[in-house]
Amino acid sequence: MSIRPIKQISGTKQTMEGAGVKLNRVFGFGDPSLTDPFLMMDDFRSDRPEDYLAGFPWHPHRGIETITYVLAGSVEHGDSLGNRGTLRAGDVQWMTAGSGIMHQEMPEGDAQGRMHGFQLWANLPSRLKMTDPRYQDIPGGEIPEIVDDDGTTVRVVVGSFWGKTGPVDGIAADPQYLDIFVPPGKRKVFPVDTYRQAFAYIFEGSGSFRDASDPFGVLTEKQVNGEEVHVRDESGNRTLVVFDSGDEVVVQAGEMGIRFLLISGAPIKEPVAWHGPIVMNTRDELVEAVRDLQNGTFIRDNAIVR
């Protein structure tokens, strides 16, 4: 067995999307080969409704899949094909945009005003860029959760892990999407298939990925007395760890334990032509997508809803 060394460690970047939603960008709009087949990931987390209620009104998607995982609050979604639904705490939506869809997502906080979730974009290979759109809306209760003897907890959103298989299927990148909590002071080894690219995103607690790096803080934006400031965050919160090749990841939890997403997928290794939520392989395909938007032919097929 070989432990995956760390290729890159970074913090998030505060940005604004949609109609004025404040969020933290984990990665995206950089070198897509670093996290191939994944293109972008956002952490939307706030207990201030003014940060998120404006939402993400109607916008197009083509050539990608979007994965939305809600931890607190809810997200109402709808599309131009008439599909409607609400994602609540613990729920997951895997949307295959394929040939094209117009979509909107409107977040709402819980009783305490909290909203927290992640959205990950996965690329589609050229042979599936123009596939029929499809939804997989998964209630939180259908996501298997494994509790190991030492208290380590793993929710298997996608893929197979420790004898359990997540409910999302038929995904081109053959991904594995795990929500992991390791209790305080515990050292844990997690297998990751060698052929997959992998990253971890720490969003609670503290710790280090041992035998691959020493623990250290990253420069992040936080609120101190109501002001956004840059601080050296020793907790590991909002830290992205991109791994190099190998077949296992080792983590040492800190005094608060550590919770992170461990995500991996088979790299597509194709050219990426990218404009906002439209991701194709060539500039000509992007031009065609914009032309379709302008002349009303962007939506081509009915979505399959599961």
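Only this structure's heavy atoms are used, side chains among them; waters, hydrogens and symmetry mates stay out.
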With a 4.5 Å cut-off on side-chain heavy atoms, are [Y] and [X] touching?
{"X": "P183", "Y": "T152", "answer": "yes"}
{"X": "L240", "Y": "T12", "answer": "no"}
{"X": "L120", "Y": "Y177", "answer": "yes"}
{"X": "M106", "Y": "V21", "answer": "no"}
{"X": "F298", "Y": "P60", "answer": "yes"}
{"X": "T15", "Y": "L23", "answer": "yes"}

Exam field: side chain [X] to backbone [Y], donor-acceptor pair closer than 3.5 Å:
{"X": "D31", "Y": "S33", "result": "yes"}
{"X": "T153", "Y": "G151", "result": "yes"}
{"X": "E105", "Y": "G55", "result": "no"}
{"X": "K129", "Y": "R62", "result": "no"}
{"X": "D36", "Y": "P267", "result": "no"}
{"X": "R84", "Y": "D79", "result": "yes"}

Can you name the side chain to side chain contact (heavy atoms under 4.5 Å, CB included) partners of [X], sequence neighbours left out?
{"X": "N295", "result": "R291, D292, T297"}
{"X": "L34", "result": "K7, Q8, V242"}
{"X": "S74", "result": "T86, R88, E108"}
{"X": "P175", "result": "F38, W94, V158, I171, A173"}

Listed once per pair and sorted, the ring-ring contact (aromatic ring centres under 6.0 Å, His included) pairs that draw on residues 137-159, sequence neighbours left out: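 As it turns out, there is no ring-ring contact (aromatic ring centres under 6.0 Å, His included) pair with a partner in residues 137-159 once direct neighbours are skipped.
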
Donor-acceptor contacts, no H, no angles, side chain residues 254-266, under 3.5 Å, sequence neighbours left out:
{"residue": "R259", "atom": "NE", "partner": "D179", "partner atom": "OD1", "Å": "3.0"}
{"residue": "R259", "atom": "NH2", "partner": "D179", "partner atom": "OD2", "Å": "2.7"}

Tell me whether [Y] is reachable from [X] by hopping between hydrophobic residues (I, L, V, M, F, W, Y) whose side-chain heavy atoms are closer than 4.5 Å.
{"X": "M130", "Y": "M95", "value": "yes"}
{"X": "V26", "Y": "L39", "value": "no"}
{"X": "L87", "Y": "M115", "value": "yes"}
{"X": "V241", "Y": "V154", "value": "yes"}
{"X": "I6", "Y": "I202", "value": "yes"}

Quick one: salt bridge (Lys or Arg N to Asp or Glu O under 4.0 Å) partners of [X], sequence neighbours excluded?
{"X": "D148", "result": "K188"}
{"X": "K186", "result": "none"}
{"X": "R45", "result": "D43"}
{"X": "E145", "result": "R155"}

Identify the two heavy atoms, one from [X] and one from [Y], that lie closest to each other, and give their separation to 0.1 Å.
{"X": "P277", "Y": "I64", "answer": "O-CD1, 3.9 Å"}
{"X": "A289", "Y": "I278", "answer": "CB-CG2, 3.9 Å"}
{"X": "K164", "Y": "P144", "answer": "CB-CB, 4.1 Å"}
{"X": "F190", "Y": "V182", "answer": "CZ-CG2, 3.8 Å"}
{"X": "A200", "Y": "F209", "answer": "CB-CZ, 3.6 Å"}
{"X": "S46", "Y": "D51", "answer": "OG-OD2, 2.8 Å"}

Candidate pair E142 and V92, rule side chain to side chain contact (heavy atoms under 4.5 Å, CB included), full reasoning: CA-CA 10 Å; E142 294 184 13; V92 172; over 6 Å; no

R4/D244 salt bridge by N-O under 4.0 Å criterion: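 No, no charged N to carboxylate O under 4.0 Å.
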
Measure the spacing between [atom1] of [X] and [atom2] of [Y] and express it to the nearest 0.5 Å.
{"X": "H77", "Y": "D137", "atom1": "NE2", "atom2": "CG", "value": "4.0 Å"}
{"X": "S126", "Y": "M280", "atom1": "OG", "atom2": "CE", "value": "9.5 Å"}
{"X": "M40", "Y": "F27", "atom1": "CE", "atom2": "CZ", "value": "8.5 Å"}
{"X": "L178", "Y": "F161", "atom1": "CG", "atom2": "CZ", "value": "5.5 Å"}
{"X": "F118", "Y": "I67", "atom1": "CZ", "atom2": "CD1", "value": "13.5 Å"}
{"X": "I146", "Y": "I180", "atom1": "CD1", "atom2": "CD1", "value": "9.5 Å"}

Mutual orientation of the aromatic rings belonging to Y201 and F203 [parallel < 30°, tilted 30-60°, perpendicular > 60°]: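 Y201 and F203: parallel rings.
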
Plane angle bin for H103 and Y135 - parallel if under 30°, tilted between 30 and 60°, otherwise perpendicular: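 Y135 and H103: tilted rings.
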
Residue pair T282 / D284, side-chain donor-acceptor N/O under 3.5 Å: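 Judged by distance alone, the side chains do not pair up.
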
Side chain to side chain contact (heavy atoms under 4.5 Å, CB included) evaluation trace for Q197 with V192: CA-CA 9 Å; Q197 291 220 95; V192 180; over 6 Å; no

Criterion side chain to side chain contact (heavy atoms under 4.5 Å, CB included) on R196 and D174, from CA distance to verdict: CA-CA 9 Å; R196 291 188 173 114; D174 187 25; 3.4 Å; yes

Ring pair (Phe, Tyr, Trp, His ring centres under 6.0 Å) involving F56 - partner list, sequence neighbours excluded: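 Counting only residues at least two positions away or on another chain, F56 forms no ring pair (Phe, Tyr, Trp, His ring centres under 6.0 Å).
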
Pairs meeting criterion side chain to side chain donor-acceptor pair (under 3.5 Å) with involvement of residues 272-281, two or more places apart: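 As it turns out, the side chain to side chain donor-acceptor pair (under 3.5 Å) pairs with a partner in residues 272-281, which skip direct neighbours, are E270-N281.
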
For T96, the option from E65, R134, Q136 that meets side-chain hydrogen bond (donor to acceptor under 3.5 Å, both in side chains):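 Option passing the side-chain hydrogen bond (donor to acceptor under 3.5 Å, both in side chains) with T96: E65.
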
Audit row: H116, D47, side chain to side chain contact (heavy atoms under 4.5 Å, CB included) steps and yes/no: CA-CA 8 Å; H116 189 196; D47 57 5; over 6 Å; no

